[in-house]
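Read through the structure below, which is laid out as structure tokens, and then see the notes.
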Amino acid sequence: MRIDLHSHSRASDGTQPPGEVVALAAEAGLDVLGLTDHDSAAGWAEATAAADRAGIVVVPGIEISTKHEGAGVHLLAYLPDPSHPALVAELELVLAGRSGRLAGMLTQLRDAGVDIDESEVMRQVGEAKAIGRPHIADVLVAKGYAADRGGAFTAWLDWGRPGYVTRYASDTRAMVRIVTAAGGAAVVAHPWGRGSRRVLDLPTLASLQADGLVGIEVDHQDHSGADREALRAIGSELDLVTTGASDFHGEGKVDHELGCNLTHPAQYERLLDAATRNAKTAGAAVPAVDRP
Ligand code: AMP
Ligand code: ZN
Ligand code: FE
Ligand code: FE
């Protein structure tokens, strides 16, 4: 049973439509794929329909932009009711923050001598609800300002670079509660990747768990072998679900191929149990997802 619980499509900043990501997952020999586009459930329907055709299971999720003590924390929400009012309201704020920063980023880039305009970015964004820096990166690459997405981030888009503008993110703890109340299971994505390492120690994870946090993503390309060992120990001490995933972004991210990290079936089962429990408590429809 091969289970990869974190991936992106063109519904956010991946490079393939949701149905194509699912077909690629089946080709890669996966049995279960989590589709977790940034701040939006827009890809779910297409992915679920494609999963039936491909004979694999799609677990619908959302990777939500949150912040804890000033640091960005990506929160994976599995199987929440996407129409839950508090969830809808917060995601609208996050998406508005993403759209709202674009003009400022382009102004700053223009001041730094980069000639790109909003219509070029919106062509990359296409149908996606979540406008991300990767869309701007793709324009920078197409126009020769960078060799690839990674290079565009390093030169132009990372914090401290000319194109960087901060944006709204939900409070992590508040979002853990909202996801739980929406009948979903909240899992911290790449807890010790980039910005979030300094704020996510064992006591903090324990206190988020008290608000409903179900698990932590352990096997992720942002984590060294030592990180993974330490996070797995924290997971077992706190009895958190531990997951593994590729964080696939298509051609947008090298070394994140589908299935490059996997979730153990027993951990997947616990994740589904938690979502089922939360859905029952919330009075939401219990998610119909096949079991291993
Ligand atoms: P944003 O959502 O606009 O804050 O941009 C963050 C997104 O860009 C995340 O999905 C990351 O996966 C992606 N990202 C961040 N750094 C890089 C990089 N060096 N190369 C490619 N993608 C990146
Ligand atoms: Zn992304
Ligand atoms: Fe992330
Ligand atoms: Fe991601």
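Given the structure is predicted, the values throughout are model-derived calculations rather than measurements.
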Within a strict 4.5 Å, meaning less than it, do heavy atoms of the Arg161 and Asp158 side chains meet? yes

Specify the closest pair of heavy atoms between Ala282 and Ala181, including all atoms of both residues, with the distance to one decimal. CB-O, 3.1 Å

Spacing of CD1 belonging to Ile62 relative to CH2 belonging to Trp44, to within rounding of 0.5 Å: 4.5 Å

Qualifying residues under salt bridge (charged side-chain N to carboxylate O under 4.0 Å, His left out), relative to Asp239, sequence neighbours excluded: Arg270

Please test Tyr268 against Val59 for side chain to side chain contact (heavy atoms under 4.5 Å, CB included), starting from the C-alpha separation and ending with a verdict. CA-CA 10 Å; Tyr268 172 58; Val59 179; 3.7 Å; yes

Are Leu76 and Leu79 linked, directly or through intermediate hydrophobic residues, by side-chain heavy-atom contacts shorter than 4.5 Å (ILVMFWY only)? yes

Does any N or O in the side chain of His8 come within less than 3.5 Å of the main-chain N or O of Phe248, such that one atom is a donor and the other an acceptor? no

Do His6 and Asp247 have a side chain donor and acceptor closer than 3.5 Å? yes

Asp222 side-chain N/O to Gly193 backbone N/O, donor-acceptor pair under 3.5 Å: no

How long is the gap from OH on Tyr168 to CG on Leu95, to the nearest 0.5 Å? 11.5 Å

Excluding Val139, membership of its hydrophobic cluster (Ile, Leu, Val, Met, Phe, Trp, Tyr; side-chain heavy atoms within less than 4.5 Å) reads Leu102, Met105, Leu106, Leu109, Val114, Ile116, Val121, Met122, Val125, Ile131, Ile136, Leu140, Tyr145, Phe153, Trp156, Leu157, Val165

Does the Thr263 side chain pair with the main chain of Gly244, one donor and one acceptor, at a distance under 3.5 Å? yes

Minimum side-chain heavy-atom gap Asp148-Val254 below 4.5 Å: no

By side chain to side chain donor-acceptor pair (under 3.5 Å), which residues pair with Thr242, not counting sequence neighbours? none

Any side-chain heavy atom of Asn261 sitting closer than 4.5 Å to one from Thr243? no

Side-chain ion pair, Asp219 and Arg228, N-O less than 4.0 Å: yes

By side chain to side chain donor-acceptor pair (under 3.5 Å), which residues pair with Arg10, not counting sequence neighbours? none

Drop me the distance from Leu262's CG to Arg2's CZ, to the nearest 0.5 angstrom. 5.0 Å

Taking every non-hydrogen atom, the tightest pair across Ala42 and Lys129: CB-CG, 4.2 Å

Check: Asp227 side chain, Ser224 main-chain N or O, donor-acceptor pair, under 3.5 Å: yes

Is Ile56 close to Asp31 at the side-chain level, that is, under 4.5 Å between some pair of heavy atoms? no

Working for side chain to side chain contact (heavy atoms under 4.5 Å, CB included), residues Val179 and Val214: CA-CA 11 Å; Val179 169; Val214 165; over 6 Å; no

Within the structure provided, determine whether Thr48 and Glu46 are in side-chain contact (heavy-atom separation under 4.5 Å). no

Is there a path of hydrophobic side-chain contacts, each under 4.5 Å between heavy atoms, that joins Val286 and Tyr78? no

Is there a path of hydrophobic side-chain contacts, each under 4.5 Å between heavy atoms of I/L/V/M/F/W/Y residues, joining Leu91 to Leu75? yes

Is there a donor-acceptor pair closer than 3.5 Å between any side-chain N or O of Ser246 and the backbone N or O of Cys260? no

Nearest-0.5 Å distance that lies between atom OG in Ser40 and atom CD in Glu63: 12.5 Å

Taking Asp211's backbone N and O only, do any of them form a donor-acceptor pair with Arg177's side chain (distance below 3.5 Å, no angle check)? no

Applying the side chain to side chain contact (heavy atoms under 4.5 Å, CB included) criterion to Ile64, which one of Ile178, Thr172, Leu87 satisfies it? Leu87

Looking only at atom types and distance, does a side-chain atom of Arg149 sit under 3.5 Å from a main-chain N or O of Lys253, one as donor and one as acceptor? no

Donor-acceptor pair, Ser170 side chain versus Met175 backbone, under 3.5 Å? no

Check: Gln267 side chain, Val241 main-chain N or O, donor-acceptor pair, under 3.5 Å: no

Output all residues satisfying salt bridge (charged side-chain N to carboxylate O under 4.0 Å, His left out) with Lys143, sequence neighbours left out; order by chain, then residue number. Glu120

Just how far is it from atom CG of Leu5 to atom OG1 of Thr36, taken to the nearest 0.5 Å? 8.5 Å

Report, one line per pair, each donor and acceptor closer than 3.5 Å where one atom sits in a side chain of residues 198-208; sequence neighbours left out.
residue, atom, partner, partner atom, Å
Asp201, OD1, Thr204, N, 3.1
Asp201, OD1, Thr204, OG1, 2.6
Thr204, OG1, Val199, O, 3.4
Ser207, OG, Arg173, NH1, 3.2
Ser207, OG, Arg173, NH2, 2.8
Ser207, OG, Thr204, O, 3.3

Not counting sequence neighbours, which residues clear salt bridge (charged side-chain N to carboxylate O under 4.0 Å, His left out) with Arg101? List them please. none

For residues 187-212, pull every pair meeting ring-ring contact (aromatic ring centres under 6.0 Å, His included), keeping only residues two or more places apart or in separate chains. His74-His190, His190-His220

Residues forming a side chain to side chain donor-acceptor pair (under 3.5 Å) with Asp39, sequence neighbours excluded: Ser65, Arg98

Report the C-alpha distance between Val187 and Leu271 in whole Å, list the side-chain angles of each, state the deciding distance to 0.1 Å, and finish with yes or no for side chain to side chain contact (heavy atoms under 4.5 Å, CB included). CA-CA 9 Å; Val187 173; Leu271 181 73; 3.6 Å; yes

Do Leu258 and Ile3 land in one hydrophobic cluster if side-chain heavy atoms of ILVMFWY residues count as linked below 4.5 Å? no

Once rounded to the nearest 0.5 Å, what's the spacing between atom CD of Glu269 and atom OG1 of Thr276? 9.5 Å

Applying salt bridge (charged side-chain N to carboxylate O under 4.0 Å, His left out) to Lys67 and Asp171, what does each step give before you reach the verdict? CA-CA 5 Å; Lys67 62 175 185 301; Asp171 178 70; over 6 Å; no

Among pairs that include at least one residue of residues 50-71, which meet ring-ring contact (aromatic ring centres under 6.0 Å, His included), considering only residues two or more places apart or in two chains? none

Could you pull out all residues at least two apart from Arg133 that satisfy side chain to side chain donor-acceptor pair (under 3.5 Å)? none

Cluster check Val176, Ile234: I/L/V/M/F/W/Y, side chain < 4.5 angstrom: yes

Is a donor from one side chain sitting under 3.5 angstrom from an acceptor on the other, for His223 and Glu217? no

Close side-chain approach of Leu35 to Pro60, heavy-atom, < 4.5 Å: no

Ignoring hydrogens and angles, write down the donor-acceptor pairs under 3.5 Å from the side chains of residues 11-22, residues two or more places apart or on other chains.
residue, atom, partner, partner atom, Å
Ser12, OG, Asp37, OD1, 2.5
Ser12, OG, His38, N, 3.2
Asp13, OD1, His38, NE2, 3.3
Asp13, OD1, His249, NE2, 3.2
Asp13, OD2, His38, NE2, 3.2
Thr15, OG1, Glu251, N, 2.8
Gln16, NE2, Glu251, OE2, 3.0

